[in-house]
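These figures come from a predicted structure and were not determined experimentally.
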Amino acid sequence: MDSRVAVVSGGGTGIGAAVAGTLAGDGYDVFVIGRRADVLDAAAARIGEECGRPGAVTPVTADLTDPEQLDRVLAALDGRTVDVVVNNAGGYLAGDTGSLAGTAAFWRSNLDANVLTAVLLTEALRPSLRRPGGRVILVSSIAAQRGGGGPYSAAKAALHGWAYDLAAQLGPEEITVNVISPGYVAETEFFGDRMTPEGHAQRVAATLVGRAGVPADIAEAVRYLASPRAGYVTGQVLGVNGGSVLGR
């Protein structure tokens, strides 16, 4: 039987790299996608060494907001069946809201980065998903549930509604679609140099468990949803946030 295949967007750093490492350690051949070739190459080499499987991770440099660049992903896969797609690419993109044109660009950039990347990757791989048993996982954010991020919050919330539609469409083929909604996760590039000690402490205090999340917390949630044990779980939003937003 061929090795299982996972595709992880935004897989060079932070949550995406942790997901790629976890799945590679579980025996998947992992394809990591991102825009920075050097970052992807370094992550692939490191993960391969850590899991004792050099070559377990294949880097694919592509901008997933550009439909033409999806061909790079398909070429790298070379017709292989895909077991798991993890749509992790995205982030908060700052913008100038001093004019209507600036506001439009601000919103479009966040929608493109967080929604269009997931839609285009999933649609490109949809014919290749394993039937039955494929898994589509979308990485959202606590901001989708409590706001606070403007267009970023709106974009992440859009993933929820789309996931419900996609789950209904793919369910008859026994392909599951779920969303993971992380809370505050340290050790990522999300905040860049914007995070202060006070901001960190405030976010930790908002949890019920008294600590920040780490990328491995999200990777373990992916591991579960990707597994056969989660075959009866679809169309759900799984909050991994330390209790800072309660289930609803």
Side-chain angles (χ1 to χ4, degrees), residues 5-12 14-16 19-20 30-36 40 60-77 80-93 95 104-131 134-145 149-182 190 218 221-222 225-226 233-238:
V5 171
V7 177
V8 181
S9 68
I15 289 172
V19 168
V30 183
F31 292 76
V32 291
I33 309 168
R35 294 177 298 173
R36 298 175 293 175
L40 292 177
V60 183
T61 306
D63 181 347
L64 296 179
T65 66
D66 181 355
E68 294 185 0
Q69 295 192 34
L70 270 298
D71 287 343
R72 301 180 188 179
V73 180
L74 298 178
L77 287 166
R80 295 184 68 180
T81 298
V82 175
D83 296 271
V84 182
V85 181
V86 182
N87 288 291
N88 172 69
Y92 178 85
L93 280 67
F106 179 37
W107 277 74
R108 286 184 180 127
S109 64
N110 278 276
L111 290 167
D112 283 355
N114 293 285
V115 181
L116 192 61
T117 53
V119 171
L120 292 182
L121 180 61
T122 302
E123 288 302 313
L125 298 181
R126 189 165 173 167
S128 304
L129 290 172
R130 186 171 297 282
R131 292 166 167 80
R135 302 284 190 262
V136 178
I137 299 169
L138 311 176
V139 179
S140 173
S141 168
I142 196 172
Q145 296 157 296
Y152 174 76
S153 297
K156 289 301 191 181
L159 292 177
H160 298 194
W162 177 56
Y164 302 151
D165 283 348
L166 197 60
Q169 293 167 17
L170 296 179
E173 300 175 81
E174 295 186 50
I175 296 171
T176 67
V177 181
N178 291 288
V179 178
I180 294 173
S181 179
F190 182 84
I218 313 306
V222 170
L225 291 176
V233 179
T234 194
Q236 303 302 310
V237 177
L238 174 60

Least distance between heavy atoms, Tyr92 atom then Phe190 atom:
N-CE1, 3.7 Å

How far apart are the closest heavy atoms of Leu40 and Val60, and which atoms are they?
CD1-O, 3.4 Å

CZ of Arg130 to CZ of Arg80, rounded to nearest 0.5 Å, is 9.5 Å

Please check: side-chain N/O of Gln145 versus main-chain N/O of Ala143, any donor-acceptor pairing under 3.5 Å?
no

Between Ile175 and Thr234 the two heavy atoms that sit nearest each other are O-OG1, 4.4 Å

Would the distance check show the side chain of Arg72 and the main-chain N or O of Thr61 forming a donor-acceptor pair, the cut-off being under 3.5 Å?
yes

Is a side-chain donor or acceptor of Ser181 paired with a backbone partner of Ser141 at a separation under 3.5 angstrom?
yes

Got a sec, which residues hit side-chain hydrogen bond (donor to acceptor under 3.5 Å, both in side chains) with Glu123, two or more places apart in sequence or on another chain?
Arg126

Might you point out which heavy atoms bring Val8 and Gly16 nearest each other, and give the distance in Å?
CG1-O, 3.7 Å

Quick check against the 3.5 Å criterion: does Arg135 have a side-chain atom that pairs as donor or acceptor with the backbone of Leu225?
yes

For the backbone of Val233 and the side chain of Asn178, can you confirm whether one donor and one acceptor N or O come within less than 3.5 Å of each other?
yes

If you apply the rule side chain to side chain contact (heavy atoms under 4.5 Å, CB included), what do you find for Leu77 with Val7, and how did you get there?
CA-CA 9 Å; Leu77 287 166; Val7 177; 4.2 Å; yes

Sequence neighbours left out, cut at 3.5 Å: what donor-acceptor pairs do the side chains of residues 114-122 make with other protein atoms?
residue : atom : partner : partner atom : Å
Asn114  : OD1  : Gly91   : N            : 2.9
Asn114  : OD1  : Lys156  : NZ           : 3.3
Asn114  : ND2  : Gly91   : O            : 2.9
Asn114  : ND2  : Asn110  : O            : 2.9
Thr117  : OG1  : Ala113  : O            : 2.7
Thr122  : OG1  : Asn87   : ND2          : 2.9
Thr122  : OG1  : Ala118  : O            : 2.8

Under the rule for side-chain hydrogen bond (donor to acceptor under 3.5 Å, both in side chains), what residues qualify as partners of Asp63, not counting sequence neighbours?
Thr65

So, Asp83 side chain and Val5 main chain: donor-acceptor pair closer than 3.5 Å or not?
yes

Distance from Leu159 atom CG to Leu138 atom CG, nearest 0.5 Å?
5.5 Å

Inter-residue atom distance Gln169.CD - Tyr164.OH, 0.5 Å rounding
15.0 Å

Is any side-chain heavy atom of Leu111 closer than 4.5 Å to one of Pro151?
no

Write down the atom of Gly11, the atom of Val32, and the distance for their closest heavy-atom approach.
O-CG1, 3.9 Å

Donor-acceptor pair, side chain of Ser9 and main chain of Asn88, under 3.5 angstrom:
yes

Restricting to non-hydrogen atoms, name the atom on Arg131 and the atom on Leu170 that form the minimum distance, rounded to 0.1 Å.
NH2-CD2, 4.5 Å

To the nearest 0.5 Å, what is the distance between OG (Ser153) and CD1 (Ile142)?
10.5 Å

